[in-house]
2 protein chains.
Amino acid sequence: MTNVVALANDRAPRKRDAEATRAAILAAAKEHFARSGYDGTFLRGIAADAGVDAALINRYFGGKDGLFQAALKDSIAPDAISQWSRESFAHDVATMMAGHAHQHAERAHSFQFLLRAATSPVTAPLLNVAVQERFMGPIRDWIGGEDAEARARVLASVFIGLLVERLIRDEPLAGREREVFIERTAAVLQSLVEK
Amino acid sequence: MTNVVALANDRAPRKRDAEATRAAILAAAKEHFARSGYDGTFLRGIAADAGVDAALINRYFGGKDGLFQAALKDSIAPDAISQWSRESFAHDVATMMAGHAHQHAERAHSFQFLLRAATSPVTAPLLNVAVQERFMGPIRDWIGGEDAEARARVLASVFIGLLVERLIRDEPLAGREREVFIERTAAVLQSLVEK
DNA sequence: GATCTAAGTCAACGCCCGTTGACATCGGTT
DNA sequence: AACCGATGTCAACGGGCGTTGACTTAGATC
């Protein structure tokens, strides 16, 4: 009798899948790190959520630090920046920020992860490098023009501030207040894009 | 032979001073919590900085939790927001942000402390209340004008973002980059103050 | 089917933390 | 001077963490 589990792929079904378990560990790690920070997450908890033994984390990621760095890299997606529209990005971002954080759970989650990373001296240097390479760099290139570095820094600050305020206070804006918020925020963002 | 140590006060020199040691512990605790967060600070480290035994912390504050709460209460200081100058505040704030965080250790520390408090589910509600009452409210009243609430929110976001960016990356700006950073940041802040 | 390697498990070690209770010592009181 | 409570010290315990190495087992290869 052949294996009961689904098969039919060119590869065998193989219950033991290194890539799959590695991904499961990484996914659980991202959630734990986002929710509880570096110090507040325990490898045993991650392993339990991933359904594996804690020792496997060590095998795949070389320890807690390595796991954190892998999760960090996975949480910063630089690809979307270069595709931003120069004309509408300011309004788009402002509108997004005015909405529920839940509507963008994915981004909110990974950003929460980053924010937690910023608050621990252990992880702050790692975050610094990651943000520089994968966030500030693309933004700098994207806005271009003179003094792109300094302007990118201000822009990144505003971006971060909007996200943090969103996280601290999740109540959505409405009515006229929402309009004004979007208008003002878009104006700020736009002013930093312009040379 | 009289005591060698300085005396001559109306009070005896008294090496054993409960209030003084309590204050020393609290001061050290605030610094440690601000720098390293709740999980990252160790009572032995605080005790060492305060020059006392770790067991005393337990006697005076009833444990690490009690010490943290005491430090939190002590870190929510009355604000100087109402005394900001309408003319120079934008440039003042921008200049402050461009400098070393160390140069404004006091504010930076208490802000770091509050921000780290957000990472603990226990203390997060406290932070929300503190931000609303001690920060958003005064800012709203201070800027005044139409739609003060919405504008205050954007302003507070920018403020928070600048602080977080500073937290992540402590390298100071210099030269032309610094000038541009200050100029742009001041322009953003000023635009939000104006009606 | 025998075999060998990768994938996963298990128990335990070592470390460091917060906390505790017994002990020492200072300082005011009588 | 004798006393006593408040103040400070000390050593140790219990627990939880990350990490390790030996062991087991599934799955591919022949």
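Naming: A, B, ... by sequence-line order, numbering from 1 per chain. Hydrogens, waters and symmetry mates play no part in the numbers below; they use all other heavy atoms, side chains included.
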Mind jotting down which residue pairs meet the side chain to side chain donor-acceptor pair (under 3.5 Å) criterion with at least one end in residues 40-58 of chain B? Sequence neighbours excluded, please.
H32(B)-D49(B)
Can you give one letter per nucleotide of nucleotides 18-24 of chain D, going 5' to 3': B for a protein heavy atom under 4.0 Å from the base, S for sugar-phosphate only, - for none?
BBBB---
Between P of dC23(C) and CG of L56(B), the distance in whole Å
18 Å
T21(A) side chain near dA7(C) phosphate (N/O to OP1/OP2, under 4.0 Å)
no
Give every residue pair that meets the salt bridge (charged side-chain N to carboxylate O under 4.0 Å, His left out) criterion with at least one member in residues 82-92 of chain A, sequence neighbours excluded.
none
Length of the OH-C1' vector between Y60(B) and dT19(C), whole Å:
18 Å
Salt bridge (charged side-chain N to carboxylate O under 4.0 Å, His left out) partners for R178(A), two or more places apart:
none
Whether K73(A) engages the ring of F68(A) as a cation-pi pair (distance to the six-membered ring centre under 6.0 angstrom, angle to the ring normal within 45°) should be assessed.
no
Return the set of residues passing ring pair (Phe, Tyr, Trp, His ring centres under 6.0 Å) with F159(B) (not counting sequence neighbours), or none when no residue passes.
W84(B), F135(B)
Of all pairs that satisfy salt bridge (charged side-chain N to carboxylate O under 4.0 Å, His left out), the ones with a partner from residues 21-31 of chain B, not counting sequence neighbours
K30(B)-D74(B), E31(B)-R35(B)
Starting from C1' on dC17(C), measure out to CD1 on I57(B) and report it in whole angstrom.
12 Å
Provide, to the nearest angstrom, the distance between the CG atom belonging to D17(A) and the P atom belonging to dA28(D).
10 Å
In whole angstrom, what separates R22(A)'s CZ from dA6(C)'s C1'?
16 Å
